[in-house]
Amino acid sequence: EVQLVESGGGLVQAGGSLRLSCAASGFTFDDYAIGWFRQAPGKEREGVSCISSDGTTYYADSVKGRFTISSDNAKNTVYLQMNSLKPEDTAVYYCAAGDPITTAQAMGAGNPREYLEVWGQGTLVTVSS
C-alpha cells in the first residue's frame, strides 16, 4: 500500500522553528519527487517546496530563505525545516508524491490535488502572533 505520513506539526510563536517529516512507504520509483503543500481554512492548497530524487529543490517565494527541504533516502523520509515562522505560515501541511515534472507543475497550480494522487493526511502548524 502506498502511504505518506506527515509529522512534526504543532504550536509555535512567530519567529520560532519546526521540523516536519514525511515518511514514505509502499512504493519505489527510479525518478520521483516529494512536495510539501499547505492549506489554511478557506484558502486553496498551495505548493511550498519539493525535492526530487536527484536532489533538485524548489521553494515558493513566500518561504524562500526560511524553509529548507531535505531527504534521507535510506529512511524514505523527506524533511521540511521551517525557521523564522510567521502567522501567515499557519496551515495544515501535506506531503505528496509524484514524478518530478508533475510535482513541479503542482507547485505552481491553484489546485495541486488535480495533479498528484498520493497524499498524506496532513499535520497542523499553528504560528501565534
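Side chains are part of it too, since the values below use all heavy atoms of this structure and drop only hydrogens, waters and symmetry mates. Computed from a prediction, not measured in an experiment: that's the story for all the values here.
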Is there a chain of hydrophobic side chains (I, L, V, M, F, W, Y, each step under 4.5 Å between heavy atoms) that links [X] to [Y]?
X	Y	value
I51	F67	yes
L116	V78	no
Y93	Y58	no

Please report the interatomic distance [atom1]([X]) to [atom2]([Y]), rounded to the nearest 0.5 Å.
X	Y	atom1	atom2	result
K64	T57	NZ	OG1	9.5 Å
E6	C22	CD	SG	5.5 Å
W36	M82	CH2	CE	8.0 Å
I34	L4	CD1	CG	5.5 Å
T56	D54	OG1	CG	3.5 Å

Residue pair V48, L80: steps toward the side chain to side chain contact (heavy atoms under 4.5 Å, CB included) verdict: CA-CA 10 Å; V48 176; L80 185 67; 4.3 Å; yes
Okay, side chain of Q105, backbone of A109: is any donor-acceptor separation there less than 3.5 Å? no
Report yes or no: does Q39 contribute a side-chain atom to a donor-acceptor pair with the main-chain N or O of E44 at less than 3.5 Å? no
A side-chain contact here means heavy atoms from C-beta on lying under 4.5 Å apart; do I69 and Y79 qualify? no
In terms of relative ring orientation, are W119 and Y94 parallel, tilted or perpendicular, with 30° and 60° separating the classes? perpendicular
Apply salt bridge (Lys or Arg N to Asp or Glu O under 4.0 Å) to residues D89 and K86 and explain how you reach the verdict. CA-CA 5 Å; D89 296 318; K86 305 174 180 179; over 6 Å; no
Would you mind writing out the side-chain donor-acceptor pairs for residues 9-21 within the sub-3.5 Å range, not counting sequence neighbours?
{"unit_1": "S17", "atom_1": "OG", "unit_2": "N83", "atom_2": "OD1", "d": "2.9"}
{"unit_1": "R19", "atom_1": "NH1", "unit_2": "Q81", "atom_2": "OE1", "d": "3.4"}

Just jot down the disulfide bond (SG atoms under 2.5 Å apart) partners of C50, sequence neighbours excluded, or say none.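 C50 satisfies disulfide bond (SG atoms under 2.5 Å apart) with no other residue.
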Using the test side chain to side chain donor-acceptor pair (under 3.5 Å), find all partners of T123 that sit at least two apart in sequence or belong to another chain. none
For the student: nearest non-hydrogen atoms of Y59 and T68, plus distance: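 Looking at all heavy atoms of both residues, the closest pair is OH-CA, 3.4 Å.
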Stepwise side chain to side chain contact (heavy atoms under 4.5 Å, CB included) check, R38 with E46: CA-CA 6 Å; R38 65 187 182 186; E46 63 178 357; 2.8 Å; yes
